[in-house]
Amino acid sequence: MSFLQWTCLWQLQTPCWNPLSSTILSLLAVYYPDNKLSCYVSNDGASPLTFFVLLEASKFAKLWVPFKYGIQTRAPFRYFSSELASSHDNSMGFLQEYKKIKERYKELTRKIEDATLNSKPYELGTAEFVAFSNVERRNHPTIIKVILLNKESRSEGLPHLVYVSREKHPNHPHHYKAGAMNVLTRVSGVMTNAPFMMNVDCDMYANNPQIFHHEMCLLLGSKNEQECGFVQTPQLFYDGLKDDLFGNQLVVWYKGFKDLCILERDVFIEEKLSMGYGKMAGWKSKEEVEN
């Protein structure tokens with residue numbers, strides 16, 4: 001499984017580091033064999049500051065990924081923003097590890113916040129950053145850097161993490177996000193060639209550690225697997241209005257979607273048809289599939 005993440009950040013503002021690092025950390029920590037996961041991050045602005053954030057997040061990932069304990073919230077900024085539930089495993093061993101990792105996460109946030117205020121939080125002459133020494137945002141060569149590599153293919157290690165900044169030239173159209181995703185697909189095909197890919201933005205995070213299993217349930221749960229090749233799920237926003245007058249949180253949709261792994265594909269098809277996209281995309285209704 002490869003998940004592709006896109007960001008165009010060049011100069012990080014203080015609020016931007018949180019979604020970027022949390023997206024990476026939440027996806028690296030899902031419940032799935034780590035040697036079968038790869039994360040490719042596209043930085044369309046070729047920003048050394050974005051690469052710096054990924055480096056620091058990868059160091060914290062070595063603590064965060066093994067820290068599971070049945071935790072459902074895999075984005076650390078959401079997990080540590082709330083109090084521990086009384087029903088949680090509050091054993092001495094867990095509490096000690098919890099406090100240690102929470103303190104390390106605070107160090108990570110401070111380090112990245114300081115980097116956003118410092119014009120040069122890194123040395124461009126070092127081996128890690130030398131590729132960014134003469135980079136212009138819209139005119140630069142390809143930069144690909146492997147940040148994490150599961151060399152021994154350990155199922156309980158860390159997934160692959162790869163930074164990708166595609167080549168740009170002012171005289172050649174780059175096709176914006178579509179062009180960036182095309183490059184990520186090609187790079188991932190050469191490096192790991194996983195049969196499944198997931199595309200996420202830099203301001204999203206996985207709120208369900210079983211997300212990859214659910215995705216495969218949709219793709220592989222049909223009578224003929226060739227019928228389904230692409231799945232899109234609406235975003236669920238946190239800290240939304242308590243009274244969601246306009247239904248932006250799609251509460252009814254998610255209640256019908258949850259815990260219906262066998263029926264998820266049918267629920268998804270009906271939802272897409274009701275939104276008017278199904279017929280244009282060639283989707284069939286539940287009755288059409290059964291017939």
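What you see is a predicted model, and the numbers here were worked out from it, not measured in a lab.
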Check the angle between the aromatic planes of F77 and Y205 and answer parallel, tilted or perpendicular using the 30° and 60° thresholds.
perpendicular
Determine whether V30 and Q210 make a side-chain contact, defined as any pair of heavy atoms from C-beta on separated by less than 4.5 Å.
no
Just by modelled atom types, is the Y79 backbone N or O under 3.5 Å from a matching donor or acceptor in the T73 side chain?
no
We want to know whether Y40 and T192 form a side-chain donor-acceptor pair, criterion being a heavy-atom distance below 3.5 angstrom.
yes
So do the side chains of V162 and I144 get within less than 4.5 Å of each other, counting heavy atoms only?
yes
Minimum-distance pair of heavy atoms, taken over all atoms of A131 and K145
CB-CE, 4.1 Å
State, to 0.1 Å, how close L55 and S58 come at their nearest heavy-atom pair, and which atoms those are.
O-OG, 2.6 Å
Going by heavy atoms in the side chains, are S42 and R166 under 4.5 Å from each other?
no
Presence of salt bridge, E107 and R104, under 4.0 angstrom
yes
So F51 and F129, would you call those rings parallel, tilted or perpendicular, with 30° and 60° as cut-offs?
perpendicular
Does W64 use its side chain to pair, donor to acceptor, with the backbone of R74 at less than 3.5 Å?
yes
Sort out for me which residue in L148, V146, L27 forms a side-chain contact (heavy atoms from CB on, under 4.5 Å) with L161.
L148
Ion pair present between E113 and R110, side-chain N to carboxylate O less than 4.0 angstrom?
no
Ion pair present between D44 and R137, side-chain N to carboxylate O less than 4.0 angstrom?
no
Should the ring pair Y176 and H174 be called parallel, tilted or perpendicular, given that the plane angle runs from 0 to 90° and is split at 30 and 60?
perpendicular
Any heavy-atom pair between the side chains of T50 and L20 that's under 4.5 Å?
yes
Starting from the C-alpha separation in whole Å, work towards a yes-or-no answer on ring pair (Phe, Tyr, Trp, His ring centres under 6.0 Å) for Y31 and F212.
CA-CA 8 Å; Y31 296 165; F212 293 148; over 10 Å; no
Over 12 non-hydrogen atoms of neighbours within 6.0 angstrom of NZ in K111
no
Mind checking whether V164 and I143 have side chains closer than 4.5 Å, heavy atoms only?
no
Residue pair L63 / Y105, side-chain heavy-atom distance below 4.5 Å
no
Which atom names give the shortest non-hydrogen contact between A46 and F132, and what distance separates them?
O-CD2, 3.6 Å
Quick one: closest heavy-atom pair of L158 and A61, and the distance?
CD2-O, 3.7 Å
Considering non-hydrogen atoms only, spot the tightest contact between N43 and Y163 and give its length.
OD1-OH, 2.8 Å
